Amino acid sequence: MQDLFSVRDKVVHVCGGSRGIGRAIAMAFHEAGARVIVSARNREALAATGLEFEVCDIADSAQIRRCVDNIVARHGRLDVLFNVAGINYRHAAETYPEERLDDILAVNLRGNYLMAQACGRVMIGQGGGKIINVASLHSHFSLAGMAPYGASKGAIAAMTRALAVEWARYNIQVNAIAPGFIQTDLNRALWEQEEIRRWALERTPAGRLGVPEDLVGVAIFLASAASDYMTGQVLYVDGGLTAGQTWPLKVPR
Ligand code: NAI
């Protein structure tokens with residue numbers, strides 16, 4: 001039974017692994033005995049993880065190809081891709097700056113797609129693999145000020161299903177994790193605002209914000225043999241937020 005969830009000796013690439021959610025997943029897989037490679041743009045932040053790393057900006061397709069080629073040259077295979085890299089910028093939809101829209105789509109959509117494509121080609125050649133994308137609450141509903149981010153995360157959910165359907169015949173499973181409100185560097189300033197924090201806590205049935213480590217269990221499941229017959233799914237890890245809301249009605253106890 002323990003083997004079912006084993007990721008020991010698997011070659012695992014965490015793209016966007018220098019901090020936040022990606023870093024927590026990378027550390028957990030390292031502890032579980034996987035051969036972990038983290039990639040991101042910032043060499044110092046990558047080196048600080050103490051893990052094997054590749055400097056790679058996924059907005060640049062040549063860097064993606066070089067990153068994946070280097071991993072395969074060193075390890076001979078690539079079993080798991082975590083497509084975690086993502087950016088956000090909040091602004092009113094009607095005046096949203098075009099260059100910010102382009103940046104978000106270049107990373108969250110085009111970059112994630114091209115990384116999945118490059119890793120998928122390796123996995124097709126070796127007879128299988130796992131791709132785990134990172135979707136969002138925005139794949140399911142919207143919050144004001146984040147239209148391009150929401151569009152990119154809706155696309156991640158659609159891409160997850162599309163690649164799952166197309167690559168199932170190659171024994172590649174493609175799924176996505178949709179995190180709820182997780183405290184990271186991406187949104188630290190947001191959660192420091194008392195009003196926003198209270199708003200989020202009221203809407204999260206679990207009664208707390210998430211931390212990156214809350215995503216590790218589902219990450220292990222999706223990377224291991226335990227999920228071999230599951231593909232094309234978006235798993236919400238959100239403290240119950242998308243399941244529904246508590247409300248002030250007094251019910252008999
Ligand atoms: P973060 O900002 O702490 O980490 C993002 C990672 O992506 C970093 O390693 C960064 O270097 C990397 N990255 C950004 N642009 C890149 C590029 N062009 N090329 C290569 N790497 C790049 O963010 P966090 O919170 O850990 O988010 C990770 C993922 O989870 C993102 O896709 C985000 O949209 C998603 N997410 C986060 C939620 C949260 O509440 N923190 C909720 C839902 C989804």
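Only heavy atoms go into these numbers, but all of them, side chains included; no hydrogens, no water, no symmetry mates. None of the values given here were measured: they were computed from a predicted structure. Whatever order the structure lists ligands and atoms in, that order sets their numbers, starting from 1. In this chain, residues are counted from 1 in sequence order.
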Looking only at distance, does Gly16 have an N or O less than 3.5 Å from an N or O of ligand 1?
-> yes

Pick one of side chain, backbone, both or neither for how Leu137 approaches ligand 1, counting any non-hydrogen atom pair under 4.0 Å.
-> neither

Does Ser39 come within less than 4.0 angstrom of ligand 1, counting non-hydrogen atoms of the residue?
-> no

Nearest-neighbour protein heavy atom for atom 34 (O) of ligand 1, which is reported as residue plus atom name and distance | Tyr149 OH, 2.6 Å

Give yes if a backbone or side-chain nitrogen or oxygen of Arg19 is under 3.5 Å from a nitrogen or oxygen of ligand 1, and no if not.
-> yes

Sub-4.0 Å heavy-atom approach of Gly111 to ligand 1 = no

Out of Leu190, Ile182, Ile58, Val38, the nearest non-hydrogen contact to atom 40 (O) of ligand 1 is supplied by Ile182

Does ligand 1 have an atom under 4.0 Å from some heavy atom of Ala135?
-> yes

Close approach, Arg23 and ligand 1, non-hydrogen under 4.0 angstrom = no

For atom 16 (C) of ligand 1, find the nearest protein heavy atom and state the residue, atom name and distance (0.1 Å precision).
-> Arg41 NE, 3.5 Å

So which bit of Asn88 gets within less than 4.0 Å of ligand 1, heavy atoms only: side chain, backbone, both or neither?
-> neither

Measure Ala178 to ligand 1 on non-hydrogen atoms and call it side chain, backbone, both or neither using the 4.0 Å cut-off.
-> neither

Filtering Asn42, Ile21, Ile177 for the heavy atom nearest atom 38 (C) of ligand 1 leaves Ile21

Nearest protein heavy atom to atom 30 (O) of ligand 1, by residue and atom, and its distance?
-> Val134 CG1, 3.3 Å

